[in-house]
Asker: 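Below is the structure I would like to discuss, written out as structure tokens.
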Protein chains: 2
Amino acid sequence: MLQRRIDDHAPPTREAMREAEEIFYTHLRRVGLKHTDQRDTILHTFLETRDHLSTDELFRLVRKKDAKVGFTTVYRTLKLLGECGLASMVPFPDGTTRFEHQFNRRSHHHMVCTECGASVEFFSPEVTKIEEDIGRKYRFDATRHNFQIYGLCEDCRKRSSRKPV
Amino acid sequence: MLQRRIDDHAPPTREAMREAEEIFYTHLRRVGLKHTDQRDTILHTFLETRDHLSTDELFRLVRKKDAKVGFTTVYRTLKLLGECGLASMVPFPDGTTRFEHQFNRRSHHHMVCTECGASVEFFSPEVTKIEEDIGRKYRFDATRHNFQIYGLCEDCRKRSSRKPV
DNA sequence: ATGAAATTGAAATTCATTTTCAATTATACG
DNA sequence: CGTATAATTGAAAATGAATTTCAATTTCAT
């Protein structure tokens with residue numbers, strides 16, 4: 001699906017990058033895994049993006065830096081990034097799983113156009129509060145959430161009113 | 001994934017059933033589709049459940065009523081149910097898409113245990129308000145949303161504290 | 001340096017979802 | 001009540017994302 005972003009964000013600062021590396025390598029050490037060039041390249045490529053990437057999209061970006069890295073390695077590294085909290089999976093309505101940065105990022109959510117796939121990010125501190133409240137209520141140790149709003153964006157609404165169903 | 005339900009709900013009343021049928025058949029007529037026994041059976045089977053069903057799970061239930069109904073027909077009918085608002089798709093973290101009743105149902109959300117897959121339903125009117133607000137703000141015609149909270153349920157928390165990582 | 005253990009990536013596999021197509025069935029109309 | 005037309009059905013095939021396999025390669029502690 002087309003992935004047009006309506007808003008965008010500043011790239012991560014130098015030190016945010018450094019801190020993310022720290023987290024990743026610490027995680028690797030803890031679970032007894034090794035430090036490799038591929039993992040480096042993938043981490044950096046991931047950090048440099050601001051989009052919601054599918055494994056395949058990240059793979060393509062990684063390829064530009066190092067054509068020898070395989071899809072499988074990207075897939076597995078993305079999993080590692082998830083484990084240490086740097087990335088989180090977002091199941092999209094088109095059935096694909098996408099990943100996004102979790103580190104140093106305000107809790108944010110997405111509004112997705114069901115017609116053209118355009119997405120807007122929005123911030124809603126209330127949602128974090130709801131997560132805490134509900135977790136407490138049902139005695140869950142709530143760690144994350146997933147919130148998407150679907151609808152028609154302005155452009156598609158105009159377009160569809162021209163040629164109505 | 002295991003799908004234990006923590007809470008459950010009353011089955012639909014006779015008239016709620018009737019009303020749902022009405023909605024379905026009206027939709028069929030409107031888009032020029034025909035009324036068939038299979039679609040009947042699938043609609044009824046779906047309405048009688050309260051769980052989050054995958055296409056395959058519904059298919060198995062339908063089979064018990066009429067062994068001649070094929071998977072494809074269930075799949076397609078579920079799509080139709082979605083179109084007329086009787087069912088909605090919920091992408092689950094295990095990668096499968098599940099369907100749930102939308103008719104006569106308070107807007108509700110799910111808290112899912114990442115360890116055992118247990119799910120609790122909860123109600124949060126604030127979420128609906130957020131949907132409206134954000135829609136207005138970004139000029140989207142917001143039609144639905146998707147909200148899940150992930151975490152560890154009480155049982156799994158106890159279990160994991162016994163054998164720590 | 002060396003060797004045990006982890007990593008890599010191409011290819012194969014899995015599995016849910018979706019499409020295809022020929023036979024069947026529903027419905028509108030004469 | 002036929003009959004024509006268009007939709008439906010379901011088995012099977014296709015698709016496509018996610019995951020696993022495995023032999024060759026690389027990392028890293030010693």
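Hydrogens, waters and symmetry mates are skipped; everything else that's a heavy atom, side chains included, is used. Note on naming: letters A, B, ... go to the chains in the order of the sequence lines (proteins, then strands), and numbering restarts at 1 for each one.
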Asker: B/T55 and B/Y75: which non-hydrogen atoms are nearest, and at how many Å?
Answerer: CG2-CA, 3.6 Å
Asker: Nearest heavy-atom pair of A/C113 and B/F140: which atoms, and what distance?
Answerer: N-CE2, 3.6 Å
Asker: Do A/E131 and A/R144 meet the salt-bridge criterion of a basic N to acidic O distance under 4.0 Å?
Answerer: no
Asker: Write down the distance between CZ (A/F59) and C1' (C/dA11), rounded to a whole number of angstrom.
Answerer: 13 Å
Asker: How many Å lie between CZ on A/R30 and C1' on C/dA6, as a whole number?
Answerer: 18 Å
Asker: Rounding to an integer number of Å, can you tell me how far A/L28 CG sits from C/dA6 C1'?
Answerer: 11 Å
Asker: Show me the donor-acceptor pairs, under 3.5 Å and distance only, between side chains in residues 61-68 of chain B and residues at least two apart or in other chains.
Answerer:
{"from": "B/R63", "atom 1": "NE", "to": "B/A67", "atom 2": "O", "distance (Å)": "3.4"}
{"from": "B/K65", "atom 1": "NZ", "to": "B/E48", "atom 2": "OE1", "distance (Å)": "2.9"}
{"from": "B/K65", "atom 1": "NZ", "to": "B/E48", "atom 2": "OE2", "distance (Å)": "3.2"}
{"from": "B/D66", "atom 1": "OD1", "to": "B/K68", "atom 2": "N", "distance (Å)": "3.0"}
{"from": "B/D66", "atom 1": "OD1", "to": "B/K68", "atom 2": "NZ", "distance (Å)": "3.2"}

Asker: Of the listed nucleotides (D/dT8, D/dA18, D/dA11), which one gets closest to any side-chain atom of B/R63?
Answerer: D/dA11
Asker: Tell me whether A/R157 contacts the main-chain N or O of A/G151 through its side chain, where contact means a donor paired with an acceptor under 3.5 Å.
Answerer: no
Asker: Quick one: A/F71 CZ to C/dT7 C1', roughly how many Å, whole number?
Answerer: 17 Å
Asker: With sequence neighbours excluded, what pairs up with A/R30 under the side chain to side chain contact (heavy atoms under 4.5 Å, CB included) test?
Answerer: A/H27
Asker: Classify every nucleotide of nucleotides 19-30 of chain C by which part a protein heavy atom approaches to under 4.0 Å, writing B for the base, S for the sugar-phosphate alone and - for neither, in 5'-to-3' order.
Answerer: BB-----BS---
Asker: Rounded off to whole Å, could you give me the NZ-to-C1' distance for the A/K68 and D/dT25 pair?
Answerer: 13 Å
Asker: Bend across the helix from C/dA1-D/dT30 to C/dG30-D/dC1, to 10°, with axes taken over 5 pairs at each end?
Answerer: 30°
Asker: Test your reading of the model: is there a side-chain donor-acceptor pair from A/T45 to the backbone of A/T41, 3.5 Å cut-off?
Answerer: yes
Asker: Where does the angle between the aromatic ring planes of A/F147 and A/F122 fall among parallel (under 30°), tilted (30 to 60°) and perpendicular (over 60°)?
Answerer: perpendicular
Asker: Rounded to whole Å, how long is the line connecting atom CZ of A/R29 with atom P of C/dA5?
Answerer: 21 Å
Asker: If the threshold is 4.0 Å, N to carboxylate O, is there a salt bridge linking B/K137 and B/D133?
Answerer: no
Asker: Rounded to the nearest angstrom, tell me the gap between atom CG in B/L80 and atom P in C/dT18.
Answerer: 13 Å
Asker: My understanding is that only residues two or more places apart in sequence, or in another chain, count here; which of them pass side chain to side chain contact (heavy atoms under 4.5 Å, CB included) with A/I23?
Answerer: A/C84, A/L86, A/F103
Asker: Does C/dT17 have its OP1 or OP2 closer than 4.0 Å to a side-chain nitrogen or oxygen of B/T97?
Answerer: yes
Asker: For nucleotides 13-16 of chain D, tabulate all protein N/O to nucleotide N/O atom pairs closer than 3.5 Å, reporting atom names and distance.
Answerer:
none

Asker: Over how many whole Å does the gap from B/L78 atom CG to C/dA16 atom P extend?
Answerer: 15 Å
Asker: Rounded to the nearest 0.5 Å, what separates atom OG1 in B/T49 from atom CD in B/E100?
Answerer: 10.0 Å
